[in-house]
Amino acid sequence: MKTQILPITEESFKISERIIREGGVVAFPTETVYGLGANAFDTRAVESIFKIKGRPNDNPLIVHVHKDYDISSLVRCIPDYAVKLSEKFLPGPLTMVYKSRGNVSPAVSCGLDTLAVRIPAHEGAQRFLKFLDLPVAAPSANISKHVSPTAAEHVLCDFNGKIEIILDGGKCDGGIESTVLDCTGEIPVILRSGLVTREEIAEIAGDCGVYKPKEGERVRSPGMVYKHYTPNCRTALYSYSDRQKALDFYNSEKHSGVNAYIMCDSRTAELIDADKILCLGKTELEVASNLYGKLREGERLAELIIAIAPEKQDGVMVGVMNRLEKACGSKI
Ligand code: TXA
Ligand code: MG
């Protein structure tokens with residue numbers, strides 16, 4: 001199979017629609033990361049996503065719909081706080097989990113009685129979803145556990161020859177995946193942190209919990225437990241206060257002939273004396289936006305990435321740190 005990268009045009013949508021209606025998959029951009037989409041009503045198509053990605057079959061998928069789609073045909077029991085949150089943040093990087101009506105294939109939620117729904121803000125994604133007028137089940141368009149894709153070339157790198165079409169919507173501005181929010185309880189509970197922060201949710205909903213699995217309990221968002229986002233090279237992660245230790249490690253590895261790079265934000269880059277730096281940018285939004293691209297650049301250039309965490313640890317950085325820990329945690 002030859003993989004084609006196509007621009008966001010009606011012509012590309014027509015080709016993609018035919019593939020999706022026939023049970024195939026198409027990669028498409030969103031404002032967070034690229035997704036690998038299939039018709040959510042088609043069990044065989046949804047199952048093929050798991051196969052192509054090598055995804056564990058207990059990790060449910062998100063369905064993506066355009067902003068005018070009637071989500072009450074897919075889910076039920078939408079609490080008042082969820083209505084308010086939708087008005088404030090959608091379309092946008094917030095995925096909301098509700099009780100499912102069981103209308104999409106059970107393969108989407110891996111047999112759970114809930115369904116995660118996302119209305120992406122990316123203009124190309126909105127146009128594509130409107131054109132299809134279908135709920136599109138889509139995980140991030142990367143090989144399972146590899147770094148998520150924030151550009152069409154990243155998707156090509158992971159799936160060249162394995163999928164037919166990648167719709168190219170440019171670099172994803174957001175850069176880390178959507179916040180996944182459980183809206184089945186009294187108050188919303190964050191299952192996966194992301195660009196919409198706990199503080200922002202609590203301000204609208206009055207309160208917002210953060211899910212932590214208790215010992216022995218079935219994990220509510222199974223994606224959280226896996227090792228994820230890992231580049232194909234050695235990695236290490238240091239806290240901001242341990243940046244000198246990170247630099248010592250970098251120098252000792254360099255002396256032993258290892259091609260090592262430091263990955264940090266631009267403020268930290270100014271403080272340390274290293275010649276090979278993967279700079280994540282200045283603001284928290286820049287750091288989130290550049291994280292996966294720099295991890296992919298790092299795995300191409302380096303034998304070892306030594307990441308230094310940003311000093312700021314709240315807001316969007318909660319999501320960034322979650323990804324950094326899973327990508328670079330304790331690989332050495
Ligand atoms: O930004 C995003 O969310 C991207 C783009 C493509 O939309 N998608 C994405 O999908 O990150 P994926 O499959 O890589 O991550 C989906 C996350 C997983 O952690 C999964 O466990 C959780 O959402 N999830 C999906 N359905 C769920 C459900 N019914 N209950 C709880 N968690 C769910
Ligand atoms: Mg993913």
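If you're wondering where the values come from, they're calculated on a predicted model, not measured in any experiment. Note that ligands are numbered from 1 as they come in the structure, with each ligand's atoms numbered from 1 the same way.
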Do any of the N, O or S atoms of Y229 sit under 2.8 Å from the Mg ion (ligand 2)? no

In ligand 1, which numbered atoms sit nearer than 4.0 Å to a non-hydrogen atom of E177? 1 (O), 2 (C), 11 (O)

Which of the numbered atoms in ligand 1 are below 4.0 angstrom from a heavy atom of S178? 1 (O), 2 (C), 3 (O)

Under 4.0 Å from one or more heavy atoms of V180, ligand 1 contributes atoms 23 (O)

Atoms of ligand 1 under 4.0 Å from any heavy atom of H64, numbered from 1 in the order shown, are 5 (C), 6 (C), 7 (O)

With a 6.0 Å cut-off (strictly less than), is the heavy-atom count around CD of E123, excluding the residue itself, greater than 12? no

Indicate yes or no: does K171 engage D173 in a salt bridge with an N to O separation below 4.0 Å. no

R118 heavy atoms, cut-off 4.0 Å: which ligand 1 atoms fall inside? 1 (O), 2 (C), 3 (O), 5 (C), 7 (O)

Whether F249 and Y238 hold their rings parallel, tilted or perpendicular, with breakpoints at 30° and 60°: tilted

Relative to the heavy atoms of G35, which atoms of ligand 1 are at a distance of less than 4.0 Å? 6 (C)

Side chain, backbone, both or neither: which part of R55 has a heavy atom under 4.0 Å from ligand 1? side chain

Quick check, are the ring centers of Y292 and Y229 under 6.0 angstrom apart? yes

Atom indices of ligand 1, in the order listed, that fall short of 4.0 Å to a heavy atom of N59: 18 (C), 20 (C), 21 (O)

For L156 and T3, the nearest pair of non-hydrogen atoms, with its separation, is CD1-CG2, 3.7 Å

Nearest-option assignment for atom 28 (C) of ligand 1, heavy atoms, candidates D113, T114, V117, L191: T114

Chi angles and distances behind the side chain to side chain contact (heavy atoms under 4.5 Å, CB included) call for K130, D68: CA-CA 8 Å; K130 187 95 191 171; D68 303 318; 2.9 Å; yes

Regarding ligand 1, does T30 bring an N or O atom to under 3.5 Å of one of the ligand's N or O atoms? no

Smallest heavy-atom separation, C110 atom then F50 atom, equals SG-CZ, 3.8 Å

For the atom pair SG (C328) and NZ (K326), what is the distance rounded to the nearest 0.5 Å? 13.5 Å

P139: numbered ligand 1 atoms lying under 4.0 Å from its heavy atoms: 10 (O), 12 (P), 13 (O)

